Amino acid sequence: MPYIAIKGFPKDDDTLRKVAERINAAQLELWGCRQEHINISYEAVAPRSGMSALSAARSCRTGTRC
């Protein structure tokens, strides 16, 4: 059962719905899973905290200290 958790800057409901629909379609097409098994969640994060988390993730990938 795929569980997709999205963290991003706050967006309007219409944009969130469109993103979820596209991710859902990709899961159905590429993974071949059933609709009832797909879970997508969204968590809005403030730009400042999101950027620091993104910077930390980039540092870990490039091999610098985490």
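For reference, positions follow the sequence shown, starting with 1. For clarity, every value in this text was computed on a predicted model and none was experimentally measured. Reckoned from all heavy atoms, side chains included, excluding hydrogens, waters and symmetry mates.
Shown here for A46 and F9, the closest heavy-atom pair between the two residues is O-CE2, 4.1 Å. Contact detail for T15 and D12: the closest heavy-atom pair is OG1-OD1, 2.9 Å. Taking every heavy atom of both residues into account, Y3 and S41 meet most closely at OH-OG, 3.0 Å. Y42 and P10 make their closest contact through OH-CA, 3.4 Å (heavy atoms, listed as atom of the first residue, atom of the second, distance). Among all heavy-atom pairs drawn from L28 and C33, the shortest one is CD2-O, 3.3 Å.
Side-chain contact between Q27 and I4: present, with at least one pair of heavy atoms (C-beta onward) separated by less than 4.5 Å. The side-chain heavy atoms of I40 and I38, taken from C-beta on, include a pair separated by under 4.5 Å. Counting only heavy atoms from C-beta outward, the side chains of I23 and I6 approach each other to under 4.5 Å.
One finds no salt bridge joining R17 and D13 here, because no Lys/Arg side-chain nitrogen approaches an Asp/Glu carboxylate oxygen to under 4.0 Å.
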